[in-house]
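Here the structure is a predicted model, which is why all the values come from computation and not from measurement.
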Amino acid sequence: MLAAALLCGAMPVMAQEREQSSVPQLAVMGTIPLVWGEAAGIEDILSGAAEPHWARSLIEQRAQLAPLDYLSADALAPHTMLLLAQPRGLTGEENVALDSWVRAGGRLLLFADPMMTGESRFGLGDRRRPQDTVLLSPILNHWGLQLRFDDSQAEGVRHSGFDGTQVPVNLAGEFAATGDGCTLEHHAVIARCTLGEGEVLAIADSAMLDFHGPIEGAPEALFALAAAIFPGFGDSAGNGPPIPHFVGESQSDTDGVSPSTMDEVTITGGIPPP
């Protein structure tokens with residue numbers, strides 16, 4: 001895989017940088033090219049021809065990015081913070097590993113867009129293109145969420161408040177809570193779930209991460225969401241936009257499915273319904 005191949009060369013440098021810095025690590029995975037930019041291949045990245053994603057430099061003011069290409073238990077183990085940006089569909093093994101990681105104390109910021117509106121240099125069907133529709137029903141259902149989309153809504157960027165910050169969305173989805181572990185905000189575009197010892201902050205849109213952005217309000221919204229889910233993220237050194245702090249009530253884990261049930265799922269299977 002592209003990420004794995006690049007990491008072979010980049011890992012010594014990245015490891016050295018981590019040793020020299022007290023900035024926390026943020027694991028990242030997704031089809032939106034936050035780390036490597038919109039590259040046609042490895043050659044573009046190595047030559048510097050790949051245009052970087054605008055959000056990378058902003059995030060790196062607060063955390064060091066640690067790219068992942070597969071969510072195994074071993075890959076997640078070193079991390080306490082994870083950003084999933086319009087990820088591909090997860091395997092059964094990844095669903096189990098991600099659920100266990102969250103319940104053990106992991107904190108996840110998830111962008112899950114049912115109707116991507118961002119531009120890409122790659123055409124429909126090209127695997128290098130961000131996934132147009134997110135396919136995460138098994139893990140979302142297990143966490144007590146359903147992702148819905150109203151195809152009658154008008155296209156165009158709109159803003160709505162989240163803890164004092166205007167969050168831009170475009171053709172956003174909306175969540176429905178099927179259990180007691182999640183609360184909905186921002187007209188159900190945002191869901192916050194407490195699962196075991198960990199938390200998930202999910203956004204049913206990814207317009208703010210448009211590669212050819214940022215659209216108005218996107219940097220401030222991204223920082224606000226990150227500060228809402230990642231402890232200390234807003235207190236790290238950096239010169240980016242000010243980060244408002246989210247204050248929320250803790251919810252008990254009452255989705256009715258224990259982590260042990262998840263452990264029994266085979267790597268080729270789905271997740272049992274809550």
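- The side chain to side chain contact (heavy atoms under 4.5 Å, CB included) test applied to Ala27 returns Leu68, His79, Leu82, not counting sequence neighbours.
- To the nearest 0.5 angstrom, Leu147 atom CG is 6.5 Å from Leu140 atom CG.
- Checked against side-chain hydrogen bond (donor to acceptor under 3.5 Å, both in side chains), Asp113 has the following partners two or more places apart in sequence or in another chain: Ser206.
- The closest donor-acceptor contact from the side chain of Glu185 to the backbone of Arg192 lies at 3.5 Å or more, if one exists at all.
- Here the straight-line distance linking atom CZ of Arg62 with atom CG of Leu222 works out to 10.5 Å at 0.5 Å rounding.
- The shortest heavy-atom contact between Val23 and Ala63 is CG1-CA, 3.1 Å.
- Looking at Thr194, its side chain never comes within 3.5 Å of a backbone N or O of Glu199 through a donor-acceptor pair.
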- Message: One pair to check against side chain to side chain contact (heavy atoms under 4.5 Å, CB included): Leu83 and Phe111. What are the steps and the verdict?
- Response: CA-CA 8 Å; Leu83 168 60; Phe111 290 88; 3.6 Å; yes
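- Between His186 atom NE2 and Asp205 atom CG the span is 7.5 Å, to the nearest 0.5 Å.
- In terms of the side-chain hydrogen bond (donor to acceptor under 3.5 Å, both in side chains) criterion, residue partners of Glu94 (sequence neighbours excluded) are, by chain and number, Arg88, Thr91.
- Distance check: Gln86 CD to Leu110 CG gives 9.0 Å after rounding to the nearest 0.5 Å.
- By the neighbour-count criterion of 12 heavy atoms within 6.0 Å, atom CD of Gln153 is densely surrounded, having more than that number from other residues, nucleotides or ligands.
- Screening Leu109, Leu201, Leu225 for a side-chain contact (heavy atoms from CB on, under 4.5 Å) with Phe230, the sole residue that qualifies is Leu109.
- Among residues two or more places apart in sequence or in another chain, the side-chain hydrogen bond (donor to acceptor under 3.5 Å, both in side chains) test is passed with Arg158 by none.
- The hydrophobic clustering, which links ILVMFWY residues whose side-chain heavy atoms are closer than 4.5 Å, places Val167 and Val157 apart.
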- Walk me through it: do Ser152 and Asp150 pass the test side chain to side chain donor-acceptor pair (under 3.5 Å)? CA-CA 5 Å; Ser152 67; Asp150 178 7; 2.6 Å; yes
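- For the side-chain hydrogen bond (donor to acceptor under 3.5 Å, both in side chains) test, no residue two or more places apart in sequence or in another chain qualifies with Ser57.
- Side-chain contact between Glu216 and Gln166 is absent, with no heavy atoms from C-beta onward closer than 4.5 Å.
- Through direct or relayed side-chain contacts under 4.5 Å between Ile, Leu, Val, Met, Phe, Trp and Tyr, Phe149 connects to Met115, Leu171.
- In terms of heavy-atom proximity, Ala202 sits nearest to Phe175 at O-CE1, 3.6 Å.
- The shortest heavy-atom contact between Thr133 and Pro114 is OG1-O, 3.4 Å.
- Taking all atoms of both residues into account, the shortest heavy-atom contact from Leu58 to Pro219 is CD1-CB, 3.7 Å.
- Salt bridge status for Arg148 with Glu174: absent, with no side-chain N to carboxylate O gap under 4.0 Å.
- Distance check, rounded to the nearest 0.5 Å: OG of Ser137 to CG of Leu90 gives 11.0 Å.
- With respect to Leu84, the side-chain contact (heavy atoms from CB on, under 4.5 Å) criterion is satisfied by exactly one of Leu71, Leu136, Val28, Thr31: Leu71.
- Closest approach of Gly144 to Cys182, counting heavy atoms only: O-SG, 4.5 Å.
- Between the OG1 atom of Thr80 and the CH2 atom of Trp101 there is a distance of 7.0 Å, given to the nearest 0.5 Å.
- Under a hydrophobic-cluster definition in which Ile, Leu, Val, Met, Phe, Trp and Tyr are linked whenever side-chain heavy atoms come within less than 4.5 Å, directly or via other members, Leu209 and Ile215 are assigned to different clusters.
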- Task: Evaluate the side chain to side chain donor-acceptor pair (under 3.5 Å) criterion for residues Trp143 and Asp99: first the C-alpha distance (whole Å), next the side-chain angles of each, then the deciding distance (0.1 Å), finally the verdict.
- Result: CA-CA 8 Å; Trp143 288 340; Asp99 181 74; 2.8 Å; yes
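- Considering only heavy atoms from C-beta on, Ile203 comes within 4.5 Å of Val189 through its side chain.
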